[in-house]
Amino acid sequence: MSTWTSDELDRIGGAEELRVSSRRRDGSFSKPIIIWVARVGDDLFVRSAYGPDNPWYVNALARGRGRISAGGVEREVDFADASGTDPETIDDEYHAKYDPISSPRIVATVVGERVHPLTLRLDARD
């Protein structure tokens with residue numbers, strides 16, 4: 001595992017959208033999908049807005065690795081357990097970032113108790 005640079009954190013954390021791909025069984029990456037990302041300190045978090053059966057999320061959990069692209073940064077990542085970070089702090093970051101640019105109905109898909117268990121931390125890989 002590697003760590004994010006300050007520049008990467010700023011660029012990814014400041015990007016409106018993040019493209020995420022999960023590793024397939026054959027080692028290739030799935031087609032990227034667009035999701036939202038929240039930065040808390042030196043960590044980056046993503047959530048499955050459409051439940052635990054969302055294919056990217058299922059594959060992220062099953063394989064634990066993927067690739068992200070946002071803010072001009074492209075990196076391979078590990079999808080890690082986010083239970084060590086207060087989920088309401090992550091909610092607050094999603095609200096701060098997305099409330100000004102999106103409808104409350106859409107922001108509601110990535111905040112609250114329903115999605116807290118569907119939160120993954122993105123750990124940079126070498």
Side-chain angles (χ1 to χ4, degrees):
M1 185 178 79
S2 183
T3 57
W4 298 107
T5 67
S6 294
D7 181 59
E8 288 172 326
L9 287 168
D10 289 344
R11 291 166 61 191
I12 297 167
E16 185 176 330
E17 297 176 333
L18 176 135
R19 293 183 188 285
V20 62
S21 302
S22 54
R23 174 93 54 195
R24 293 182 176 136
R25 285 188 187 129
D26 68 3
S28 66
F29 290 99
S30 64
K31 179 181 175 187
I33 63 152
I34 296 172
I35 62 174
W36 286 350
V37 60
R39 177 183 175 183
V40 176
D42 290 340
D43 291 317
L44 299 166
F45 298 92
V46 294
R47 288 178 166 164
S48 179
Y50 299 108
D53 298 324
N54 196 328
W56 81 263
Y57 181 77
V58 170
N59 287 332
L61 287 179
R63 308 239 164 42
R65 291 188 56 195
R67 180 183 295 155
I68 60 102
S69 175
V73 176
E74 187 170 324
R75 290 286 300 266
E76 287 193 28
V77 296
D78 287 323
F79 297 109
D81 178 32
S83 63
T85 304
D86 176 32
E88 291 181 10
T89 301
I90 300 169
D91 286 352
D92 292 344
E93 290 303 316
Y94 272 111
H95 278 298
K97 183 174 180 180
Y98 294 105
D99 283 355
I101 61 172
S102 193
S103 75
R105 182 182 59 80
I106 295 173
V107 176
T109 66
V110 293
V111 297
E113 291 183 16
R114 180 188 63 79
V115 292
H116 289 171
L118 307 177
T119 306
L120 298 172
R121 188 182 70 238
L122 301 175
D123 290 343
R125 292 187 60 86
D126 289 327

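Separation of atoms CG (L18) and CG (L122) is listed at 6.5 Å; rounding is to 0.5 Å. With rounding to the nearest 0.5 angstrom, the CD1 atom of I68 is 12.0 Å from the CZ atom of R19. With values rounded to the nearest 0.5 angstrom, D43 atom CG is found 11.5 Å from T89 atom OG1. A distance of 11.0 Å separates OH of Y98 from CD of E93, quoted to the nearest 0.5 Å.
Under a 3.5 Å cut-off, the side chain of S30 and the backbone N or O of S21 do not form any donor-acceptor pair.
Closest of all the heavy-atom pairs between W4 and I12 is CZ3-CD1, 3.5 Å. In terms of heavy-atom proximity, V58 sits nearest to P52 at CG2-O, 3.3 Å. The shortest non-hydrogen separation linking F45 to Y94 is O-OH, 3.3 Å. Scanning both residues, T3 and R75, for their nearest heavy atoms gives O-NH1, 4.0 Å. When all heavy atoms of R63 and R23 are compared, the closest pair comes out as CD-O, 3.1 Å. Between D91 and V110, the closest heavy-atom pair is OD1-O, 4.2 Å.
Each of T85, D81, D86 was compared with S83 under the side chain to side chain donor-acceptor pair (under 3.5 Å) criterion, and only D81 meets it. With L120 as the partner, the side chain to side chain contact (heavy atoms under 4.5 Å, CB included) test is satisfied by one option alone out of V20, V46, V77: V46.
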Practice task
Could you please spell out the steps behind the side chain to side chain contact (heavy atoms under 4.5 Å, CB included) verdict for R39 and L9?
Solution key: CA-CA 8 Å; R39 177 183 175 183; L9 287 168; 3.5 Å; yes
Exercise for the section: Kindly determine whether R121 and D78 satisfy side chain to side chain contact (heavy atoms under 4.5 Å, CB included), including the steps that lead there. Expected result: CA-CA 8 Å; R121 188 182 70 238; D78 287 323; over 6 Å; no
Exercise for the section: Applying side chain to side chain contact (heavy atoms under 4.5 Å, CB included), run through R24 and N59 and close with a yes or a no. Expected result: CA-CA 7 Å; R24 293 182 176 136; N59 287 332; 6.0 Å; no
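Partners of E74 under the salt bridge (charged side-chain N to carboxylate O under 4.0 Å, His left out) rule, at least two apart in sequence or in another chain, are R67.
A heavy-atom distance below 4.5 Å is found between the side chains of P87 and R47. Contact annotation: the side chain of T109 approaches that of R114 to within less than 4.5 Å [non-hydrogen atoms, C-beta and beyond].
Linking ILVMFWY residues whenever their side-chain heavy atoms come closer than 4.5 Å, directly or via other members, places I106 and V37 in the same cluster. Residues W36 and Y50 do not share a hydrophobic cluster, defined by chaining ILVMFWY side chains whose heavy atoms lie under 4.5 Å apart. Both V115 and V40 are members of a single hydrophobic cluster when ILVMFWY side chains are connected at heavy-atom separations under 4.5 Å. By the rule that hydrophobic residues join a cluster once side-chain heavy atoms approach within less than 4.5 Å of another member, I34 and I101 end up as members of separate clusters. Under a hydrophobic-cluster definition in which Ile, Leu, Val, Met, Phe, Trp and Tyr are linked whenever side-chain heavy atoms come within less than 4.5 Å, directly or via other members, F79 and I33 are assigned to the same cluster.
Using modelled atom types, one finds no donor on one side chain facing an acceptor on the other under 3.5 Å when comparing T5 with D7.
Residue-environment remark: CZ (F29) exceeds the threshold of 12 foreign heavy atoms within 6.0 Å.
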